[in-house]
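Worksheet: one structure, shown below.
Side-chain atoms are counted along with the backbone in the values below, which use heavy atoms only and exclude waters and symmetry mates. Everything numeric in this text was worked out from a predicted model, so none of it was measured. The sequence lines fix the lettering, A, B, ..., with proteins before strands; numbering per chain opens at 1.
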Protein chains: 2
Amino acid sequence: MYELFFKKLNEKVSFTQEEQDIIRDYLTPKKIRKRQYLLQEGEVCKMIAFVEKGALRSYSVDEKGNEHIIQFALEGWTISDLYSFLTGEPATYNIDALEDSELVLISKSAQEEILKKCPKYETYTRLQVTGAYLAMQKRLTSIISQPLEERYNSFINLYPDIVQRVPQHMIASYMGLKPETLSRLRKKIAEK
Amino acid sequence: MYELFFKKLNEKVSFTQEEQDIIRDYLTPKKIRKRQYLLQEGEVCKMIAFVEKGALRSYSVDEKGNEHIIQFALEGWTISDLYSFLTGEPATYNIDALEDSELVLISKSAQEEILKKCPKYETYTRLQVTGAYLAMQKRLTSIISQPLEERYNSFINLYPDIVQRVPQHMIASYMGLKPETLSRLRKKIAEK
DNA sequence: AAAAAACATTGACCGAAATCAATTAAATGT
DNA sequence: ACATTTAATTGATTTCGGTCAATGTTTTTT
């Protein structure tokens, strides 16, 4: 169990078998069905979720009821409302499953215990956020500096698996576009 | 020397005087004049810069020669091309000074030495990126979900000091707008 | 203090994305 | 297999931000 979790963990920082067994004790498995919420806006985010299998998204909903996708998470990715998790404030994002999924959950107390017994784990969490930060910076740079068509091409190159598995209107939302606009963009690209 | 640096450091994780003295040994002060580059696209980013005094920005330049501001850094903030710093790849961003500034520089080897002699420093760096990640996520969410006027209002509330000290066309660039558009937006808001 | 450079504003016009609406296609549940 | 919901496409129109150009203003340099 937790194969992918430990694989990804060891890719960043290598842990001994003993350390891994300690960590394993604090992990909680969870299966979640398509369309089911893992977190709803207003709740406090108690868990960080690692995706062993399946696909989830986080998104915010504005006053007009429009959804804005913040992040997708496929196998090997981690998803949460980190601000809520760290501060205990109510979450501003929703998280739900796009497919039936299998998760590995880590609560805050679990994380604290792991850190106590296995300080090396902090390096992992540091590298984890650093990676997330760099990925997001790239996305932001792309939004403010690239023309739409290039942005979409970069996206499909970077995340071909997401394009395969996620409905198009959600990709539009992730890119800050209306579904109609993405549909027309795709048509334009296809005609070339 | 380095007052603000140590103040900010201790706000995140508290260090003993001895630890601070160890860290201090690895820091390099640098003064930089307005308009001077700290980093140019194509160079490898060798240093992380903490701003003791002054103001800097990082930005990319697209094929058409348009500048896109990625980040501002006033007193107490840190600025670098983190991807280049970590990987040794050529930088994709430029960094220059918006005012005469005083910096505290940390090279990669300095950081590694600090971490060896003072493992607690890792917690500081972890909290540092975490904060940067959360700030950027907020910015991204705002870009994809808020109407322009709200976005500008949030910006001036969050960073009133930047509005005071930075030319308007750079704020426009940071928001992904043309200077003319921001000028008109401000007029519209003022007329209310 | 004068000259030059950088910055901000304003106007007229254009183009890209949003909106509104209708239709077709695909996925899901029973 | 059929009915229902969800998703994608297409068209007509509007809105918002970009472009181009001119003018005024402030800041910097000499």
| said: Ring centres under 6.0 Å, that's the criterion: do A:Tyr174 and A:Tyr59 meet it? | reply: no

| message | Return whichever of B:Gly176 or A:Val166 has its heavy-atom-nearest nucleotide of DNA chain D closer to the 5' end. | response | A:Val166

| task | Quickly, which of B:Lys34, B:Lys31, B:Arg165, B:Arg33 forms a salt bridge (Lys or Arg N to Asp or Glu O under 4.0 Å) with B:Glu99? Name it, please. | result | B:Arg165

| remark: So, with a heavy-atom separation below 4.0 Å from DNA chain D, the residues of residues 167-174 of chain A are A:Pro167, A:Gln168, A:His169

| query | If you look at every strand shown and take non-hydrogen atoms under 4.0 Å, does A:Lys34 touch a base, only sugar-phosphate, or nothing? | reply | sugar-phosphate

| said: Please confirm whether the shortest side-chain N or O distance from B:Ser183 to OP1 or OP2 of C:dA8 is below 4.0 Å. | reply: no

| task | Could you check B:Ile79, B:Leu4, B:Leu105 and say which one makes a side chain to side chain contact (heavy atoms under 4.5 Å, CB included) with B:Phe50? | result | B:Leu4

| field | salt_bridge(A:Asp96, A:Arg57) N-O dist < 4.0 Å | value | yes

| field | Segment of DNA chain D, first to last nucleotide, that comes within the 4.0 Å heavy-atom reach of chain A | value | D:dA7 to D:dA12

| Taking atom types as modelled, is there a side-chain donor on B:Glu41 or B:Ser60 under 3.5 Å from an acceptor on the other? | no

| task | Could you check whether A:Leu148 gets within reach of a base, just the sugar-phosphate, or nothing at all, counting any heavy atom under 4.0 Å? | result | sugar-phosphate

| Donor + acceptor pair across side chains of A:Lys138, B:Tyr83 (<3.5 Å) | no

| query | Taking atom types as modelled and ignoring hydrogens, do the side chains of B:Gln168 and B:Ser183 form a donor-acceptor contact shorter than 3.5 angstrom? | reply | no

| said: For A:Tyr133 and B:Thr130, which I'm curious about, is there any donor-acceptor pair between the side chains at under 3.5 Å? | reply: no

| task | Measure the angle between the two terminal helix axes of the helix from C:dA1-D:dT30 to C:dT30-D:dA1, five base pairs each, and quote it to 10°. | result | 60°

